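If you're wondering where the values come from, they're calculated on a predicted model, not measured in any experiment. Letters A, B, ... mirror the listed sequences (proteins, then strands); counts begin at 1.
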Number of protein chains: 2
Amino acid sequence: MAAAKTARGRIAPLAEEDTLSLGERAYRRLRESIVQGVLPAGHKISERSLAVELGISAQPVREALRRLEQDGMVVTLPRRGTVVAEVGPAQLGELGRIRAALEGVATALAAERMDAGSIAAIAAILKRMQAGTEARDTDALDEANEEFHALIHRATGNLFLMRSLGSLRAYDNLGRHRAVGSTPRDLPKALAEHKGIVAALKKRDPALAEARMRHHVLRSLVTNGVLPPPPRKERRT
Amino acid sequence: MAAAKTARGRIAPLAEEDTLSLGERAYRRLRESIVQGVLPAGHKISERSLAVELGISAQPVREALRRLEQDGMVVTLPRRGTVVAEVGPAQLGELGRIRAALEGVATALAAERMDAGSIAAIAAILKRMQAGTEARDTDALDEANEEFHALIHRATGNLFLMRSLGSLRAYDNLGRHRAVGSTPRDLPKALAEHKGIVAALKKRDPALAEARMRHHVLRSLVTNGVLPPPPRKERRT
DNA sequence: GGCTGCCAACTGCTATGGCAGTTGTCCATG
DNA sequence: CATGGACAACTGCCATAGCAGTTGGCAGCC
């Protein structure tokens, strides 16, 4: 991604071409730096020093830190300092389960209101996934997977959902970043699940789409080592 | 929550309500004002004028507005203004479904890690609910209900969950505020559901607890008129 | 040596001022 | 009367400066 490759704990100054507000740019940059591991957990962050590193004032930095705090990515003790939050394996698992639930409702909503154009678009993405799976092109698959979920999120038209899932997917990247190299994902299985989800979307069956999406996310978390294998069979109400 | 029990000669810690940052106080105040209807949807908010109303600087106000924007309660068009977000019935329903899902995972997590003390506490709350239901004391019931869910949220120990559910419950209050007076809730049914949830917690059955909690929230949303009655029977995967 | 108290160097937090866009109004012009 | 353009009054956004706690270390005393 754009996050400049720098020494551990150091942040490169912001480019000034963009039209986004400095606070917004600082927010994204910091979030990226955290999930990429540039700012490791427990690392102390000073509003002032970070401001001079980014080449901006302390104000937008502070604003970004407040938002990151609301995301749970940093914690700040008043008048004492701000620290990158520790996210242990247990918490990563919890966040994964939360994400699975939210992706589920997102898919349910999408199944209800998705227009024909979006369905065609997601079908196209599915085709790319098929090709990527046969070619074992994990990079292309990752990109397609990103678009796949992003499209569903956008289809819901729900801002809260999109924001929350955005934060949670960031954590997901962090988890994958930790399990470095050891991602022996079961590609065909993921493809089949994606197909099933798209089928449910086409059938406009919210409950089915939700169940399949949730199962898909949970299973992928298990194969990624974020979650332990399910202890038992599923439970019925 | 009176003065902490301390040994002779020891001094109890100071209350910390007084020392909250202005930004934090502005955030809470604004959020409260929005969900209470004091600041109706579409109302324009100016950082400066709001600052003088609150008797503080524009900075903390801006900070609070950014956080509210992340919550989805206000939207701000750059260099044009900030307005409190429109939350129509449809969106309210979506947020309700999201909340149901999150309350579900929260309860699942709680079922896994709740200590004996918390279980005893929630059993006590349940007893109060029983009494309140028999006495038709809706005020006491609302209070107990609040504590009931708050206790579960806290039991998860998950900050992200607690923050998200905090925002979503605010929306819930807003929804109830709109359906003024017309809350003919089915009290005994809610009580039975709460009992079932506590039973699942005691059995430490996460899947069961989750399903029951989710169903409970969804049903209560339906009886409150936030969600339409379910169109069909539940679906199996 | 070990403890106490002070001081400088931090920290987050807030106030003030000013910049650059946006909008609405009012007057001059066709 | 209708139209267009400039000006004033907004807006959000950012930089600077200074306040008030917190911390760490170092001198001075027991």
Out of D:dG12, C:dC13, D:dC14, which has the shortest distance to the side chain of A:R79? C:dC13
When you check the gap from the basic side-chain N to the acidic O, do B:R67 and B:E24 get nearer than 4.0 Å? yes
Looking at C:dC13, I'd like to know if its phosphate oxygens (OP1 or OP2) sit under 4.0 Å from a side-chain N or O belonging to A:R62. yes
D:dG12 phosphate, OP1 or OP2: any side-chain N/O from B:R66 under 4.0 angstrom? no
Roughly, in whole Å, what's the span from CD in A:E63 to P in D:dC14? 7 Å
What is the nucleic acid contact for B:I56, judged by heavy atoms within less than 4.0 Å: base, sugar-phosphate only, or nothing? sugar-phosphate
Could A:E94 and B:R113 be called an ion pair, given the rule that one side-chain N must be under 4.0 Å from one carboxylate O? yes
Of all the choices, C:dC13, D:dC13, C:dT11, which nucleotide is nearest to the side chain of A:S46 once you look at every atom? C:dT11
Could you check how far CG of A:L22 sits from P of C:dG21, rounded to whole Å? 13 Å
Let me spell it out: for each of B:S57 and B:R48, pick the nucleotide of DNA chain C with the closest heavy atom. Which residue's pick is nearer the 5' end? B:S57
May I ask you to decide whether B:R97 forms a salt bridge with A:E210, counting only side-chain N to carboxylate O separations under 4.0 Å? no
Under 4.0 angstrom between B:T82 side-chain N/O and D:dG12 OP1 or OP2: yes
Looking at B:E103 and B:R169, is any side-chain nitrogen of the basic one under 4.0 Å from a carboxylate oxygen of the acidic one? yes
